[in-house]
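Beneath this line is the structure, given in C-alpha cells, with notes to follow.
Please read all numbers here as calculations on a predicted model, not as lab measurements.
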Amino acid sequence: MIRFATLLALVSVAACGTPRRSAPLLINDMPGPLEIRLAFQHHCHHCHPHGSSGLGPALNNKPLPALAIKAQVREGLGAMPSFSSEVLSEEHLEQIVKYIQALRRAE
C-alpha cells in the first residue's frame, strides 16, 4: 500500500510543469563534475536528453525531492525501467540526483 501511494505521488508530481524550452546543454556546458555528467549520460540521457523531455518526461523542471527521484529510478514507473544497484550503483545514483538538481538551477 505504501509503495502504491509513493508511486501515485511520484506520478502526480511528475505530471506538473512543462518541458525545458531553452537551448540544449552540451556536455562541456553541463553543471557539475565530469563523473556526474557521465553517469547521467550513460544511464539517463537517451530518454531524458540534457534533462529535457525526449522519450521520457523532462527532469529539469520537476520539484521532486532526492528521495522520490531515487525511488523512481530503483522501482521504475510506466515505460521507465527500474535500475537495480547492480546496474546503477548507489554512488552513481547519488551523483545523478545531484546532477538533476543542478540542471534545475542552470540557466
Partner of V73 under side chain to side chain contact (heavy atoms under 4.5 Å, CB included), picked from V87, I96, L88, is L88
Would the number of heavy atoms belonging to other residues, nucleotides or ligands and lying under 6.0 Å from NZ of K98 be above 12? no
How far does [atom1] of [X] sit from [atom2] of [Y], to the nearest 0.5 angstrom?
X: H45; Y: L38; atom1: NE2; atom2: CG; answer: 11.5 Å
X: Q72; Y: I69; atom1: CD; atom2: CD1; answer: 8.5 Å
X: E75; Y: K70; atom1: CD; atom2: NZ; answer: 14.0 Å

Within the structure provided, determine whether L59 and L103 are in side-chain contact (heavy-atom separation under 4.5 Å). no
Please verify the inter-ring angle class for F83 with H43; under 30° counts as parallel, over 60° as perpendicular, anything in between as tilted. perpendicular
With a 3.5 Å cut-off and no angle check, do the side chains of S89 and E91 form a donor-acceptor pair? no
Going by side-chain contact (heavy atoms from CB on, under 4.5 Å), name the residues that satisfy it together with E90, two or more places apart in sequence or in a different chain. R74, L93
Compare every heavy atom of P49 with every heavy atom of S53, then report the nearest pair and how far apart it is. O-CG, 3.9 Å
What is the minimum heavy-atom distance between L64 and R104, and which atoms define it? O-NH2, 3.2 Å
